[in-house]
Amino acid sequence: MAHLFKAFLGIVICAVALIVLFFWLWAVPSVENHPIATDAETIARGEYLTAAGDCTSCHTTEGGAAFAGGLKLDTPFGGIYSANITPSDEGIKGISSAEFYQVLAYGSYKTFQPLYPAMPYPSYHLVTRQDSDAMLAYLMTQTPVGKSVPKNELSFPFNIRQLVLFWNVLFAKRGVYEPDTSRDAVWNRGAYLVEGLGHCGACHTPHNTFGAAEHSRALAGAPLADYEAPDIRPKALKQRGWTAEYLTEFFKTGKGPKGTAFKEMYLVVENSLSQLTDEDRIAMATYLLDLPSAPRVNDNVASADAGGETAASFPEGRALYLNNCSMCHGPRGKGVKDGAPPLAGNSTLAQLGGRNMLYAIANGFPDPRSVPNSSPMPAFKDRMTPTQIAELANFLRHTFAAGTPDLPKFTETDIEAILK
């Protein structure tokens with residue numbers, strides 16, 4: 001019996017030692033504290049970087065005070081509310097530049113009080129300390145808002161913050177962006193913005209069961225609520241007709257010859273991309289069109305092959321379009337300025353899975369703020385059967401995106417899956 005007890009005690013001691021070592025190796029690194037700058041140049045640069053990081057979209061509620069937090073972020077694990085990052089007692093008053101950088105890069109300035117990775121520190125770790133300090137300098141000039149945010153709505157065991165420590169060990173990377181010396185300054189600037197401050201992968205990269213980015217499929221597109229953040233790797237962008245010029249225009253205005261921003265992407269354009277310089281928008285476009293790209297895999301909604309069909313194969317779809325859509329989008333899909341975006345050449349129709357197009361047809365955009373410079377669009381899920389929506393969608397794709405190879409044909413089953 002004594003031998004069993006000693007063996008058990010030895011196992012416990014070893015386990016405790018391993019756990020202590022485990023957390024020690026992944027403790028929040030200590031960093032040097034810098035005085036918070038108050039000069040106008042640094043504050044202005046911090047304002048620009050805060051826009052590049054799109055802090056407003058998550059830390060400001062509709063109609064609420066800037067950066068006061070409280071926006072609910074729905075995750076597979078429950079609701080998480082964004083933090084108040086104004087210089088108030090309920091916000092970040094009293095935080096040092098070292099602590100702010102630790103939060104930005106490591107998700108916490110105290111090892112055992114981690115943030116949930118809904119805050120994109122898995123991307124922000126690439127941000128330089130100099131940029132972090134400038135962002136804090138700007139945030140400290142904002143109007144303090146004495147507002148506490150609601151408690152997170154996470155069920156057990158996801159409400160145990162300390163479990164994020166294990167997540168960080170397994171999935172979070174560290175280290176600032178290291179320029180690729182084989183690339184020029186424009187490409188490297190684009191990489192810094194796309195992978196770091198812009199954290200594009202937070203939406204456009206698939207995530208695994210544990211909510212961690214699948215880096216082997218970086219920027220390959222991922223489900224986002226009822227629709228999809230599309231594949232933005234070079235092959236996919238070029239196949240849908242995007243060029244550096246088109247992307248730069250889209251980043252600036254939210255619309256262009258190949259598509260119109262909607263839902264969350266509209267907020268990204270409004271609060272972030274439109275605020276950047278032309279040089280930075282060009283840099284991002286340059287990087288996105290020159291990434292190593294994995295083979296394109298159609299693992300989304302539609303399941304059947306196109307079978308060589310053309311727009312003429314869908315006469316019912318053509319009738320549905322003329323009766324329901326052409327008044328706004330035009331009989332030839334050219335759209336109406338400040339009314340309805342053009343469909344001809346629209347890259348949303350050329351996305352292989354087609355989830356976003358089907359979402360738009362089924363649910364519409366009743367809130368004009370969802371799509372820039374457009375009139376509200378009605379939902380058709382209550383006006384058309386799944387078979388009719390499939391016919392309309394097939395007609396649209398084979399009419400206005402006919403140059404895209406390998407477009408699958410939608411079936412009633414595909415539509416029913418979207419409408420669930």
Side-chain angles (χ1 to χ4, degrees), residues 226-228 230-231 236 239-242 246 255-263 298 300-366 368 370-420:
D226 295 328
Y227 55 103
E228 181 179 49
D231 187 337
Q239 193 171 44
R240 300 199 304 271
W242 288 100
Y246 289 163
K255 57 183 180 179
K258 290 299 171 182
T260 303
F262 60 90
K263 302 291 282 187
N298 177 23
N300 296 307
V301 178
S303 54
D305 292 331
E309 289 164 301
T310 65
S313 304
F314 307 100
E316 184 181 354
R318 180 177 184 275
L320 288 166
Y321 177 78
L322 292 174
N323 291 331
N324 295 277
C325 314
S326 63
M327 183 175 294
C328 292
H329 293 283
R332 296 186 179 182
K334 293 184 178 181
V336 177
K337 184 178 180 181
D338 297 332
L343 299 178
N346 193 309
S347 71
T348 298
L349 276 63
Q351 292 171 15
L352 288 187
R355 189 181 188 92
N356 290 345
M357 177 181 63
L358 297 178
Y359 175 93
I361 296 171
N363 299 294
F365 296 106
S370 296
V371 183
N373 303 315
S374 296
S375 301
M377 175 179 166
F380 288 97
K381 62 184 177 183
D382 297 325
R383 305 185 189 188
M384 298 182 189
T385 66
T387 300
Q388 288 176 319
I389 292 177
E391 282 290 313
L392 174 59
N394 288 325
F395 170 78
L396 291 174
R397 297 213 330 158
H398 288 84
T399 301
F400 302 123
T404 306
D406 304 321
L407 280 178
K409 176 184 174 182
F410 294 115
T411 67
E412 179 182 358
T413 303
D414 296 322
I415 309 306
E416 290 174 342
I418 286 288
L419 297 179
K420 281 185 179 179

- Message: Holding to side chain to side chain contact (heavy atoms under 4.5 Å, CB included), I want the full list of residues that pass it with N346, two or more places apart in sequence or in another chain.
- Response: T348, L349
- Taking all heavy atoms of F410 and all of I415, pick out the closest pair and write down the distance. CB-CD1, 4.5 Å
- Task: For Y246, check side-chain hydrogen bond (donor to acceptor under 3.5 Å, both in side chains) against everything at least two apart and list the hits.
- Result: none
- Note on the structure: Note: W242 and K258 closest approach over all heavy atoms is CZ2-O, 3.4 Å
- Inter-residue atom distance L320.CG - M384.CE, 0.5 Å rounding: 5.0 Å
- Could you pull out all residues at least two apart from K381 that satisfy side-chain hydrogen bond (donor to acceptor under 3.5 Å, both in side chains)? N363
- Query: Is any side-chain heavy atom of R318 closer than 4.5 Å to a side-chain heavy atom of T399?
  - Reply: no
- Hey, is the main chain of R240 close enough, under 3.5 Å, to the side chain of S347 for a donor-acceptor pair? no
- Note on the structure: So CD of Q351 and CG of N356: to nearest 0.5 Å the spacing works out to 4.5 Å
- Item | Non-neighbouring partners of T385 that pass side chain to side chain contact (heavy atoms under 4.5 Å, CB included), sequence neighbours left out | T387, Q388
- Are F395 and E316 close enough that some pair of their side-chain heavy atoms sits under 4.5 Å apart? no
- Message: Give me the atom names and distance for the closest heavy-atom approach of E412 to P386.
- Response: CG-CB, 3.8 Å
- Message: Contact between C328 and M377 at the side-chain level, heavy atoms closer than 4.5 Å - yes or no?
- Response: no
- Contacts satisfying side chain to side chain donor-acceptor pair (under 3.5 Å) that involve residues 321-333 (not counting sequence neighbours) are none
- Take I361 and L396, measure what side chain to side chain contact (heavy atoms under 4.5 Å, CB included) needs, and give me the verdict at the end. CA-CA 11 Å; I361 296 171; L396 291 174; 3.9 Å; yes
- Could you tell me which non-hydrogen atom of A362 sits nearest to which non-hydrogen atom of A379, and how far apart they are? O-CB, 3.2 Å
- Task: Please tell me if the side chains of F314 and K409 come closer than 4.5 Å, counting only heavy atoms from C-beta onward.
- Result: yes
- Task: Check ring-ring contact (aromatic ring centres under 6.0 Å, His included) between F380 and all other residues, then give those that pass, not counting sequence neighbours.
- Result: none
- Results of side chain to side chain contact (heavy atoms under 4.5 Å, CB included) for P342 - residues two or more places apart only: none
